[in-house]
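Step one of this worksheet: look at the structure below.
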Amino acid sequence: MPQLRPNRYRTHTCGALRAADVGQEIVLSGWVDANRDMGGVIFIDLRDRTGVTQLVFDPQRSGGVHAEAAKLRGEWVVQAKGKVVARPADRRNTKLETGDVEIEVSELEVLNRSKTPPIEIRDDLTAGDEARLTYRYLDLRRRPMQRVLQTRHKAAMAVRNHLTGEGFTEVETPFLIKWTPGGARPFLVPSRLHPGKFYALAESPQLFKQLLMVAGTDRYYQIVRCFRDEDLRIDRQPEFTQVDIEMSFVEQDDIFASVEGAIAAVWKEVLGIELKLPFERVPFDEAMSRWGNDKPDRRFGLEHVELTEVVKKHDGGGIKIMKAVADSGGIVKGLRLPKQHEMPRAQIDKLETFVKGMGAKGLAWAKIGPDGSWGNAPLAKVIAEGMRKDFNQALGAEEGDLLLFQFGPEAMVHTVMANLRLHLGKKFGLIPEYGSGGKWDFFWVVDPPLFEYDEEHKRWVAAHHAFSMPHRECLADLERGAGDQSHASPLKQVKCYRYDLVLNGYEVAGGSVRIHRREIQRLVFQALGISETEEQEKFGFLLDAFEHGAPPHGGIAMGWDRLVWLLSETESMRDVFAFPKNQKGVDMMNGSPAEVDGALLKDCAVKVDLPEPEKPA
RNA sequence: GGGCCCGUAGCUCAAUUGGUUAGAGUAUCGGACUGUCGAUCCGAGGGUUGCGGGUUCGAGUCCCGUCGGGCCCGCCA
């Protein structure tokens, strides 16, 4: 912390004074952290965000202020004037940075009193989320929370400095924008000047940053708030921050280099850690195959094993449901839990409840006995010996291991198996519940498919958005597939220059090289079944802009809160927001969202039409 | 929309699995103590067990509903 400019309230912060300051007349202001009245001498710990300094009131020497000190209560705001004195050698407090000294107070002023706080202000957590969010200003008074705010600031400075050094310009873009279909659900803002019309709060500056490239800004970034009206998770807030980046005349590698540099700068600045660059790259298909996840946590094993081909080879191997799944385009996957991780039957049943909550029909398992037998597992009676042996071999099963299987539609199997793996990893302490465990596993997931099949509507849709550049060698497939909406369409194998940066199982950045040429864009729209009129309606101004000399460009957005969260190793991402909302999107401190004055609604020509409450049965 | 878990003193939790007057730590208040530092010691106050209904001789405990909180699936490019 830089030196304070001394003023009437304080000459130093509460974390500043050292043995070298002994003899100085100083003034401190802060909150009463603790009051230890020994019957004669009184000690007051005075706290601010930088630390704690002990004030001493000796009845002999302090006279009148001694009586004042006895009246002080926790969290009162106090100003103390006095002399820095050295503590006796055997009375130093090595736990405090200021523990070599204390203040002999000559003047004491109560700047403000405080009610007894509903949550205790101390470093270790004593209150739950509900109380912490309701009294956020008190929770934030705790030093670990102040430290996180400072970490966040430091990290932002590192990014700003790094990107500025690489020739980036920070440009602000509108929050009140026109709604465009697709993507996340936006928050709506009614327009008073245009009754019946609405702005949408920007879900991200996506379109604007591409327009900045057309404008020739070349290297843009922005630390920007984004808004999405979707259901929340531990790592999602309705308003959150991105470090948004877009660059012209670049390829994927150039974008990676800029992001890697920015993140390395953050880790160096905040943690003093030198990350190994460049980050590893993992093809999307490999990530899905080995971990069932496009953002795998690679800090531990328990990898998935693909068994679909084995099942096909044995024509179901006596298990009818597996055969049905393999024959109808579904997949079969297995996972081996080594024998040192004991799993009694009751816990396997709990696992089954867990996976059923994610859409699984059940949980097939087998405990390996001597000679690779499957003991009394339900499947043991029906599985053909040949397939059992092949399963064992594919999974590397040894006596005492537990095999877990999942089969069905690909998306479900991947979701279930990926979450099962994480669950087991945490349960058996292979990774911590939260925090890095000392491992910072950054890597890029690259080359995902541009399209995915929508089973419900029996057609191909954009896997993320329609503007990611297909690989050059996939253009032929794109052209051939543009008119083919069948399940087997060549669109399936069209890969694109999209990429996610993953850290310890969380996506911390994602972006793509964009399509800047009209004819390729048209092909993609054709494949998606979007007509030219529709296209004009939805994306008109962007496409118009692209016809006025759009340079090759691409970009990325870093999920800033998530990154700072992982960097801080706090339990919940809410901990890195000064004022977060709870899981229902409610600000528990101020009660938003809330009803508004009817006159305000009227001004905007908005009528509230609530659905009828359901009648009790 | 769905699954799982939780709700007891200001805060964090317990209550022998349905059995007497619901306890502890901490915080708060009062008292004692002249070198503490998570001070210590003594004492006090603090509860509609979220709310409503049901089962039972008896419910914090079991059942149903409801409200609130958390984690996940769906959703979120």
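What you see below is based on every heavy atom in this structure, not just the backbone, and it leaves out hydrogens, waters and symmetry mates. Within every chain, numbering begins at 1; the chains are lettered A, B, ... in the order of the sequence lines, protein sequences first and strands thereafter. Quick caveat, the model's predicted, so the values are computed rather than measured.
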Aromatic ring pairing A:Trp444/A:Phe256, orientation class (parallel under 30°, perpendicular over 60°, tilted between):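 It falls in the parallel class, under 30°.
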
For the pair A:Phe443 and A:Trp291, name the ring-plane relationship: parallel under 30°, tilted 30 to 60°, perpendicular over 60°. tilted

Contact under 4.0 Å: A:Arg91 side-chain N or O vs B:U36 OP1/OP2: yes

What's the [atom1]-[atom2] distance between [X] and [N], to the nearest Å?
{"X": "A:Gln237", "N": "B:C76", "atom1": "CD", "atom2": "C1'", "value": "14 Å"}
{"X": "A:Asp454", "N": "B:G74", "atom1": "CG", "atom2": "P", "value": "15 Å"}
{"X": "A:Phe187", "N": "B:C76", "atom1": "CZ", "atom2": "P", "value": "15 Å"}
{"X": "A:Glu130", "N": "B:C67", "atom1": "CD", "atom2": "P", "value": "15 Å"}
{"X": "A:Phe43", "N": "B:U34", "atom1": "CZ", "atom2": "C1'", "value": "8 Å"}
{"X": "A:Asp100", "N": "B:C37", "atom1": "CG", "atom2": "P", "value": "17 Å"}
{"X": "A:Gln206", "N": "B:C76", "atom1": "CD", "atom2": "C1'", "value": "15 Å"}
{"X": "A:Arg87", "N": "B:C37", "atom1": "CZ", "atom2": "C1'", "value": "7 Å"}

Hey, is B:U55 sitting syn or anti, using the within-90° cutoff around 0?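 B:U55: anti.
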
Taking side chain to side chain donor-acceptor pair (under 3.5 Å) as the criterion, tell me which of A:Arg113, A:Arg47, A:Lys115 meets it with A:Glu75.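 Checked A:Arg113, A:Arg47, A:Lys115 against A:Glu75; only one passes side chain to side chain donor-acceptor pair (under 3.5 Å): A:Arg47.
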
Between [N] and [M], how far apart are the two [atom1] atoms, rounded to whole Å?
{"N": "B:G25", "M": "B:A15", "atom1": "C1'", "value": "15 Å"}
{"N": "B:U61", "M": "B:A22", "atom1": "C1'", "value": "12 Å"}
{"N": "B:G7", "M": "B:G52", "atom1": "C1'", "value": "16 Å"}

Find out whether A:Val524 and A:Phe467 are in side-chain contact, i.e. whether some heavy atom of one side chain is under 4.5 Å from a heavy atom of the other. no

At under 4.0 Å between heavy atoms, what does [X] touch on the DNA or RNA strands: base, sugar-phosphate, or nothing?
{"X": "A:Arg574", "value": "sugar-phosphate"}
{"X": "A:Arg73", "value": "sugar-phosphate"}
{"X": "A:Glu203", "value": "nothing"}
{"X": "A:Ala463", "value": "sugar-phosphate"}

Sequence-distant partners of A:Arg299, side chain to side chain donor-acceptor pair (under 3.5 Å), two or more places apart: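 Testing A:Arg299 for side chain to side chain donor-acceptor pair (under 3.5 Å), a comparison that skips the adjacent residues, returns A:Asp297.
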
Please list, chain by chain and in numerical order, all residues satisfying salt bridge (Lys or Arg N to Asp or Glu O under 4.0 Å) with [X], sequence neighbours excluded.
{"X": "A:Lys495", "answer": "A:Asp285"}
{"X": "A:Arg136", "answer": "A:Asp139"}
{"X": "A:Asp48", "answer": "A:Arg10"}
{"X": "A:Asp124", "answer": "A:Arg122"}

Take a 6.0 Å sphere around NZ of A:Lys295 and say whether it holds more than 12 heavy atoms from other residues, nucleotides or ligands. no

More than 12 heavy atoms from other groups under 6.0 Å of CD on A:Glu97: no

Quick one: does [X] reach the base of [N] with a side-chain donor-acceptor pair under 3.5 Å?
{"X": "A:Glu230", "N": "B:G74", "result": "no"}
{"X": "A:Arg233", "N": "B:G74", "result": "yes"}
{"X": "A:Arg228", "N": "B:C76", "result": "no"}
{"X": "A:Asn582", "N": "B:G70", "result": "no"}

What residues from residues 583-591 of chain A pass a heavy-atom cutoff of under 4.0 Å to RNA chain B?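 Only A:Gln583, A:Lys584, A:Met588 qualify.
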
Within residues 407-422 of chain A, residues whose heavy atoms come under 4.0 Å of RNA chain B: A:Thr415, A:Asn419

Relative to the 5' end of RNA chain B, which residue comes earlier, A:Gly359 or A:Arg498, by the nucleotide with the nearest heavy atom?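 Taking each residue's closest nucleotide, the earlier one in sequence belongs to A:Gly359.
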
Mapping A:Asp235 and A:Arg185 onto RNA chain B by nearest heavy atom, which one lands closer to the 5' end?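 The residue mapped nearer the 5' terminus is A:Asp235.
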
Taken in chain and number order and not counting sequence neighbours, the residues that satisfy ring-ring contact (aromatic ring centres under 6.0 Å, His included) with A:Phe577 are none

Run the ring-ring contact (aromatic ring centres under 6.0 Å, His included) test against A:Phe546 and tell me which residues pass, sequence neighbours left out. A:His553

For each nucleotide in nucleotides 3-15 of chain B, reading 5' to 3', give B when a protein heavy atom comes within less than 4.0 Å of its base, S when such contact involves only the sugar-phosphate, and - otherwise. SS-----BSS---

Could you run down nucleotides 38-43 of chain B 5' to 3' and tag each one B, S or - for protein heavy-atom contact under 4.0 Å? BB----

Sequence-distant partners of A:Tyr434, side-chain contact (heavy atoms from CB on, under 4.5 Å), two or more places apart: A:Glu571

Under a 3.5 Å cut-off for both distances, is B:G25 Watson-Crick or wobble paired, and to whom?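 Pairing partner, where one exists within any strand: B:C11.
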
Return the nucleotide paired to B:U55: Watson-Crick means purine N1 to pyrimidine N3 with N6-O4 or O6-N4, wobble means G-U with N1-O2 and O6-N3, both under 3.5 Å.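 The answer is none; no pair meets the criterion.
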
Would A:Arg459 pass as a cation-pi partner of A:Phe451, given that its NZ or CZ must be under 6.0 Å from the six-membered ring centre and within 45 degrees of the axis? no

